[in-house]
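Below: the structure, in C-alpha cells.
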Amino acid sequence: MCEYKEGNKIDDLLQVLGADVKAAYLTDWLEELIKEKSKERLDKTGSYSYIGCGKVVETESSIVEVQGFRIDLDEIPTQDIVEFKISRLDLWKIRLTNKNRPRATTTSILRSERLASVLC
C-alpha cells in the first residue's frame, strides 16, 4: 500500500533500473558552455523514463541530487555534475520484516516535480 499522494515531499532515496550516466562537461571547455551544461534538470521522457542533469553529492555511494530528489545512479564517472538517461525511476522504501532484516518495496515516480506524484 502506498502512503504518498500528489504533492507529497519525497524524502527517500530514488533508485534506477537502467541508467546511462556521463560527465556533463569536460574541464577544458569554455566557462559559458560549462555553465549551460551544468543546469539542473529532470525531464520525463516516457512512462517511467527520465533524462536530466544533477550534482554528485556522495561520490562513493553514487548519489546525485537534482531538483530536490536524491537519486542512486549505481555508478558515476565524475565527482561534479553528471547528465543521465534513466530507463526507470523508482522510489524504494525500506521496511523491517519481523526478523529485523530490511525489505525493499517500490513505487514508481510519475512526474518530475519537486513534490512528486507517485503511482501506488
Side-chain angles (χ1 to χ4, degrees):
M1 178 159 188
C2 182
E3 47 201 71
Y4 292 101
K5 293 184 172 50
E6 184 171 345
N8 289 149
K9 185 174 188 284
I10 305 297
D11 291 319
D12 295 304
L13 184 64
L14 301 178
Q15 302 289 322
V16 299
L17 300 174
D20 179 30
V21 185
K22 63 181 181 180
Y25 56 83
L26 299 176
T27 56
D28 62 346
W29 289 10
L30 294 174
E31 189 63 34
E32 293 169 354
L33 189 53
I34 289 174
K35 186 176 179 181
E36 180 65 30
K37 295 293 282 181
S38 298
K39 287 184 180 175
E40 193 175 278
R41 65 186 182 284
L42 184 62
D43 301 311
K44 187 171 183 174
T45 58
S47 296
Y48 305 107
S49 58
Y50 291 81
I51 59 171
C53 182
K55 180 176 177 43
V56 176
V57 292
E58 292 181 30
T59 306
E60 289 182 18
S61 301
S62 300
I63 308 295
V64 172
E65 189 168 283
V66 57
Q67 295 184 348
F69 293 109
R70 292 173 60 86
I71 304 172
D72 181 354
L73 290 175
D74 295 327
E75 235 178 90
I76 52 173
T78 184
Q79 297 178 1
D80 196 16
I81 306 293
V82 293
E83 289 184 328
F84 52 85
K85 183 177 181 179
I86 298 171
S87 299
R88 183 179 174 116
L89 184 61
D90 285 321
L91 169 64
W92 289 75
K93 299 215 27 123
I94 302 298
R95 296 187 179 149
L96 293 179
T97 64
N98 51 5
K99 294 183 180 180
N100 289 330
R101 290 197 291 185
R103 184 188 71 174
T105 59
T106 183
T107 306
S108 299
I109 300 302
L110 285 178
R111 290 213 280 265
S112 63
E113 299 174 339
R114 179 171 289 285
L115 301 177
S117 302
V118 293
L119 171 64
C120 300

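Along the sequence shown, residues carry numbers from 1.
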Checklist outcome for this item: Contacts of Thr45 meeting side-chain hydrogen bond (donor to acceptor under 3.5 Å, both in side chains) (sequence neighbours excluded), chain-then-number -> Ser49

Next on the checklist: Pair Asp74, Ser62 - check side chain to side chain contact (heavy atoms under 4.5 Å, CB included), show working.
Outcome noted: CA-CA 6 Å; Asp74 295 327; Ser62 300; 5.7 Å; no

Checklist entry - So do the side chains of Leu14 and Arg70 get within less than 4.5 Å of each other, counting heavy atoms only? => result no

Item to check | Where Ala24 and Cys53 come nearest, the two heavy atoms and their spacing | outcome: CB-SG, 4.2 Å

Checklist entry - Does any non-hydrogen side-chain atom of Glu65 lie less than 4.5 Å from one of Glu58? => result no

Checklist outcome for this item: Closest non-hydrogen atoms of Ile34 and Leu26, given as atom of the first, atom of the second and distance, are CD1-O, 4.0 Å

Checklist entry - Heavy-atom distance under 4.5 Å between the side chains of Ile81 and Tyr25, does that happen here? => result yes

Item to check | Heavy-atom pair of closest approach, residues Val56 and Val82 | outcome: CG2-CG1, 3.9 Å

Next on the checklist: Working note: Val16 + Asp90, criterion side chain to side chain contact (heavy atoms under 4.5 Å, CB included); need CA distance, chi angles, decisive distance, verdict.
Outcome noted: CA-CA 6 Å; Val16 299; Asp90 285 321; over 6 Å; no

Next on the checklist: Contact between Ser87 and Tyr48 at the side-chain level, heavy atoms closer than 4.5 Å - yes or no?
Outcome noted: no

Checklist outcome for this item: For Lys37, the salt bridge (Lys or Arg N to Asp or Glu O under 4.0 Å) test, sequence neighbours excluded, returns Glu83

Item to check | Residues Glu40, Lys55; criterion side chain to side chain contact (heavy atoms under 4.5 Å, CB included); working and verdict | outcome: CA-CA 8 Å; Glu40 193 175 278; Lys55 180 176 177 43; 5.6 Å; no

Checklist outcome for this item: With sequence neighbours left out, the residues meeting side-chain hydrogen bond (donor to acceptor under 3.5 Å, both in side chains) with Asp72 are none

Checklist entry - Do Ile86 and Ile51 have side chains that get closer than 4.5 Å, going by heavy atoms? => result no

Item to check | Residue pair Phe84 / Leu73, side-chain heavy-atom distance below 4.5 Å | outcome: yes

Checklist entry - Does any non-hydrogen side-chain atom of Ile76 lie less than 4.5 Å from one of Val64? => result yes

